Protein chains: 2
Amino acid sequence: MTRKSKQEITCPMDALLRLLMGPWTTYILWTLRQRGPLRFGVLKREVGGISSRMLTERLRTLEEAQVIFREYYPSIPPEVTYGLTRRGLELREVLDALDTLARRWNAEDTDGEVIARELSPAI
Amino acid sequence: MTRKSKQEITCPMDALLRLLMGPWTTYILWTLRQRGPLRFGVLKREVGGISSRMLTERLRTLEEAQVIFREYYPSIPPEVTYGLTRRGLELREVLDALDTLARRWNAEDTDGEVIARELSPAI
DNA sequence: CGGGATCCCAGTTGATACTG
DNA sequence: CAGTATCAACTGGGATCCCG
C-alpha cells in the first residue's frame, strides 16, 4: 500500500514490520503466548473485538511467515488449532525488547508528574 | 485505530509498534540514521515519493514521541533540521534486532528448508 | 465450528495549489 | 524553503450472511 506503487520495498526491517505487525497482531501473538495453542473460536474470544475475517487474514499471514502453526482436525464440527512456532517465540524476544523500551520511556515521561498514573496491567 | 473504538490501548508496546508502523515511518528513521540530521527538503527527496503533508505529519508525530528532534532557524529562507534523538537511537537498536531476525529467517529459508513445525512450549 | 464472500462506510493518503 | 489547505480517490476493516 501507500508504497508499492512508488517503488518496491527495499528495507527488510520495514518489510518484516509490515508483515508481522499488522492490526491486532500483537494481541494475537500475546494471547497465544500466554494461553498456548488455541482453537479459532477461543482465540477470537480471547483477543476480543476482532472480526472473523480479520482474524483469519492475520492467522494466514502469520502462518505464511511461519510464526504460528495451524493444525486442522477434520472432525465434526471441525477443529482448528493455532500456536506459536519457534519463530513465533524468537519474535517475542524482540517484541519484548520493544516493550521494555516503551515502558521505560513511559516511566521517564510520567516521572515527576504529580498524578502518578497506574501502570497498565496489560502485557 | 481499529482498536481505539473498542477499548483504550493500554499496551505500551502496541502503541509504540503503531507509531513505527505508520506509513513511511521506518523509511524516515532509516534515512535519518544513514544520513544524520537533514533538512526537510533533503529528507523528502531522500525518502522519495512521500508528499509534504505526509512527511510533515510523520515528523510531527515522531517529534511528539521524542524519537526525533526539530531545529528551526528563522533565516530566510527558513531552515529546519530533523534528526534522531537519544530515543531514536535506542529504537534503532531494537529495530536492528528485528532486522537481524528477519535476515536470519531469510537465510534459513534459502538454506535447506527443513521446516519442522515444532509445537510451542507455551512460555 | 471455522472461515469464505459481499457490501459498504470512514478514515487516510496523494495530488495540487497556495503562502510567509 | 518549509510547510498548510483543500478535495477527491482509495481501501482497510467491520458487519452480515452463508456454507461444509
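This is a predicted model, so every value here is computed, not measured. All heavy atoms count here, side chains included; hydrogens, waters and symmetry mates do not. Just so we're on the same page: letters track the sequence lines, and every chain starts at 1.
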Q.
My understanding is that only residues two or more places apart in sequence, or in another chain, count here; which of them pass side chain to side chain donor-acceptor pair (under 3.5 Å) with Thr61(B)?
A. Glu57(B)

Q: For Ile28(A) and dG2(C), give me the distance from atom CD1 to atom C1', rounded to whole Å.
A: 15 Å

Q.
Under 4.5 Å between side-chain heavy atoms, counting indirect links through other Ile/Leu/Val/Met/Phe/Trp/Tyr residues: same cluster for Tyr72(A) and Leu62(A) or not?
A. yes

Q.
With each end axis built from five pairs of C1' atoms, what bend angle do you get for the helix from dC1(C)-dG20(D) to dG20(C)-dC1(D)? Round to 10°.
A. 50°

Q) In chain order, what residues pass the side chain to side chain donor-acceptor pair (under 3.5 Å) check against Asn106(B), with sequence neighbours excluded? A) none

Q. dA15(C) P sits how many Å from Lys44(B) NZ, rounded?
A. 10 Å

(Q) Does a side-chain N or O of Trp24(A) approach OP1 or OP2 of dG12(D) to a distance below 4.0 Å, or not? (A) no

(Q) Does anything in residues 52-83 of chain B come within less than 4.0 Å of DNA chain C? Heavy atoms only, and list the residues if so. (A) Arg53(B), Met54(B), Pro78(B)

Q: Could you list the residues that satisfy salt bridge (Lys or Arg N to Asp or Glu O under 4.0 Å) with Arg33(B), not counting sequence neighbours?
A: Asp96(B)

Side-chain polar contacts of residues 37-48 of chain B - donor-acceptor pairs under 3.5 angstrom, sequence neighbours left out - could you list them?
from	atom 1	to	atom 2	distance (Å)
Arg39(B)	NH2	Pro78(B)	O	3.4
Lys44(B)	NZ	Ser52(B)	OG	2.9
Glu46(B)	OE1	Arg35(B)	NH1	3.0
Glu46(B)	OE2	Arg35(B)	NH1	2.9

Q: Using only side-chain N and O atoms of Arg39(B), determine if any of them is under 4.0 Å from OP1 or OP2 of dC1(D).
A: no

Q | Contacts of Ala65(A) that satisfy side-chain contact (heavy atoms from CB on, under 4.5 Å) - sequence neighbours left out | A | Leu19(A), Leu20(A), Val67(A)

Q. Excluding sequence neighbours, so at least two apart, what forms side-chain contact (heavy atoms from CB on, under 4.5 Å) with Val94(B)?
A. Val94(A), Ala97(A), Leu98(A), Leu101(A)

Q) In chain order, what residues pass the side chain to side chain donor-acceptor pair (under 3.5 Å) check against Thr81(A), with sequence neighbours excluded? A) none

Q: Using atom CE of Met21(A) as one end and atom P of dG12(D) as the other, report the distance to the nearest whole Å.
A: 18 Å

**Q.** Distance in angstrom units between Phe40(A) CZ and dG2(C) P, rounded
**A.** 7 Å

